[in-house]
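Working notes for the structure below.
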Amino acid sequence: MLNLLVVSINAILIENFVLVKFYGCCPFLGVSKKSETALGMGMAVVFTMTLASALTWLFNRFILVPFELEYLQTIAFIAIIATLVQIIEMFLQKSIPSLYSALGIYLPLITTNCAVLGVTLLNINNEYDFITSVVYGFSAGVGFLVAILLLSAIRERIAYSDIPKPFRGFPIVLIAAALLSISFMGFQGLKLPF
Amino acid sequence: MAKKNKVSYLEILKDGIITKNPTFIQLLGMCPTLAVTTTVANGIGMGLSATFVLICSNFFISVLRKFIPNKIRIASYIVIIAGFVSTVEMIINAWLPELSKSLGLFIPLIVVNCIILARAEAFASKNSPLPSAVDGLASGIGFTLALTIISAIRELLGNGTILGANIMGENFSPALIIILPAGGFLVLGFLIALVQYIMSKLEGRSK
Amino acid sequence: MMLLNNIEETSEVSVETTEEKTVSVPKEKKVRKSGGELQTLSFKLMIIIAAVVLMLAVVNGLTKDKIAENAKKANDEARIALFADATAFDPISLELTEDLTKYIGEVYEATKDGETLGYCVNVISNGFGGEISMIVGISGDGLITGVKVVNHTETAGVGERIISNGSILSQFVNASANSITSVSTITGATVTSKAIIDGVQKALSAVAELTQGGY
């Protein structure tokens, strides 16, 4: 249990998936203009990452490893993620239309979110067991959610600020992200029992 | 993006490298741009790997553009791209183990680099194989160039070296922050601001 | 399959417009496909997948041996660097207390003309980006001859930097179990530093158990 908690806190704070490890920067910088959209995107990522971690772990353990097909990892994982995203989309559309209308438009974007592929590959690289992989996937997603929510809150303020012309738009967002990343470095001081 | 029927290779190259630079102008593929640019060697390694994938995937997607049904277009592209990425990964593992150590997970993650899918969708799916390959090359060079610039700044300020060679002399105390994650955001932010500044000046002149 | 279309985030700037470019295609309504069409689609996708898998299998066949050889070579070179005088390295089997077996891999005995010089211990430690696998050289009298990192996934330029420039590894040379506490962590890469110190300590305790037990 303690171990899982450590993995979780690690993924959310100490080595935040976006701000420290740079996975999922595209949607982080792209879909963070408003808190609402950021929340939607973040939730969709948490959901997909958790499921994708579970599925890819099982696929790797029971199909790729026994048949010595590890070199197909990348291609198999991206295919699983793409299919998963498609299934989630169809499922939500039919069963939970309210959630679908909230998350719907972000789901297709997730396939090309490198955080999802990244977390599934990291699970295998770090030789996590099934439960740890799922927890790690979930926590990494939460890390993404936290980061994107924070950035979106900052951007909502930035929208009303007087910014030097060359910095308008993307550059100021990057600088805000840099400051956010610096503040997350503080979490490295957290001492966790390994 | 390809509005003309007649393709001019020079135009494609200029577009990919300068006027539509994937990193500075189109702002694509941010993850590797930020993550691997801590040393020039890494930046160039990443850039060239992506260039190889871009050329191959653009070429083959263009060859297969009539075969691939529109509805499963994206899925087919991703499969083809993933194939070439895995190829690059294995080649680097075999012959450049040092590079594979420092780039780590970002090699397989070339699969989800938006630049490659963007070029497949915007160019290769509409043009014949040769121009597509050239377009891949152009975007690849543009990407590599951008990574080289960013990584040169970060390595120089953060470590006092370029390609491992000490430039700043003994008394220079490197600003570690620049090669930490925060520095990646910071350097890219300032570079894009610079690009925007130059562009606005150029526009002002042409008017 | 994946309808990466109709992502209309009109209010967003820069990046998402680029995302849209990636995927901007005429809206396709998800119509129920007729059986025949679905078959053609999946058949074509299958052909593409099969071709790509075939290509990967070929590349894998070409590179597999080389990759394995690289890993072996890295290990061998590291051992020779730790005990330059040694003429032979022989793997030895050892029984360790349970909390160590998890981290300690192979142990090689370095000998020179039949005389034991020391031990090379393969250790795994949990770093910042995942596991750090290293080899610790420990001489017969308990001094560290050196530490080599064989494989790691530490952040490029941060954790990776202190490994490659030797700022932490060099501190271990000639340290003993007692003096290892004076090894200082490197600013900005504390987690990596601690992981390496931790790994070295485990290697030391493994060798201590080994020599005490008189194997």
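The analysis underlying the following values was restricted to heavy atoms, covering all of them including side chains, and did not include hydrogens, waters or symmetry mates. Just so you know, these numbers come straight off a predicted model, no measurement behind them. A note on names: the letters A, B, ... follow the listed sequences, proteins ahead of strands, and every chain is numbered from 1.
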Side chain, backbone, both or neither of A:F28 within contact of chain B (heavy atoms, under 4.5 Å): side chain

B:F67 atom CZ, over 12 foreign heavy atoms within 6.0 Å: yes

Rounded distance (nearest 0.5 Å) linking atom CD1 of B:I192 with atom CD1 of A:I175: 9.5 Å

Among B:G189, B:G184, B:A82, B:G183, residue most engaged with chain A (heavy-atom pairs, under 4.5 Å): B:G189

Winner by heavy-atom pair count (cut-off under 4.5 Å) against chain B, out of A:L117, A:I172, A:V18: A:L117

Pull every donor-acceptor pair under 3.5 angstrom between chain B and chain A and give the atom names with distances.
unit_1 : atom_1 : unit_2 : atom_2 : d
B:A182 : N      : A:S181 : OG     : 3.4

Proximal component of A:I78, with respect to chain B [non-hydrogen, under 4.5 Å]: side chain

Heavy-atom pair with the smallest gap, counting every atom of B:P181 and A:L19: CB-O, 3.4 Å

Atom pair CG/SG of B:L109 and A:C114 - distance to nearest 0.5 Å: 5.5 Å

Winner by heavy-atom pair count (cut-off under 4.5 Å) against chain B, out of A:L72, A:V116, A:L180, A:L121: A:L121

Nearest heavy-atom neighbours spanning B:G29 and A:C26: N-SG, 4.1 Å

Within 6.0 angstrom of A:I131 CD1, more than 12 heavy atoms from elsewhere: no

Pair B:F185 + A:F22: ring centers closer than 6.0 Å: yes

Between CG on residue B:L186 and CG on residue A:L174, distance to nearest 0.5 Å: 9.0 Å

Engaged part of B:I177 at the chain A interface, taking heavy atoms whose separation is under 4.5 Å: side chain

Per-residue contact mode, B:V111 against chain A (heavy atom under 4.5 angstrom): side chain

